[in-house]
Amino acid sequence: MNANKQKTRLLAQNFFNQLRADGYTPMQIIGMATELLDLVSEDLKGVHAGVAQVSPESRPDFRQEA
């Protein structure tokens, strides 16, 4: 596993653990994850007004896998 993927996984684990410690249920966390994915999807489509769409080729730090 490369360093970026490890950092992403660690961040996700910490976020999940904090949400559970704060009393969120697994279903609430799934709902939140779904909302986050929707926001990312909208952003990638350039739906947000005033936000320029950035192609993956123009971003050297872009990774397709999470």
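Side-chain atoms are counted along with the backbone in the values below, which use heavy atoms only and exclude waters and symmetry mates. When a residue number appears, it is its place in the shown sequence, counting from 1.
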Euclidean distance, [Y] [atom2] relative to [X] [atom1], rounded to 0.5 Å:
| X | Y | atom1 | atom2 | result |
| --- | --- | --- | --- | --- |
| Arg9 | Lys5 | CZ | NZ | 9.0 Å |
| Asp38 | Glu35 | CG | CD | 5.5 Å |
| Gln6 | Gln13 | CD | CD | 10.5 Å |
| Lys7 | Leu11 | NZ | CG | 11.5 Å |

Joint cluster assignment, Phe15 & Leu37, ILVMFWY side-chain distance < 4.5 Å: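 In one cluster with Phe15: Leu37, no.
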Tyr24 reachable from Ile30 in the ILVMFWY side-chain graph, under 4.5 Å edges: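 No; Tyr24 is not reachable from Ile30 via cluster members.
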Could you tell me whether the side chain of Leu19 reaches within less than 4.5 Å of the side chain of Gln28, counting heavy atoms only?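 The answer is no; the side chains never approach within 4.5 Å.
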So do Asn17 and Arg20 actually touch side chain to side chain, heavy atoms under 4.5 Å?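 No; the side chains remain at least 4.5 Å from each other.
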Apply side-chain hydrogen bond (donor to acceptor under 3.5 Å, both in side chains) to the pair Gln18 and Asp22, showing each step before the final yes or no. CA-CA 6 Å; Gln18 185 62 52; Asp22 288 345; 3.1 Å; yes
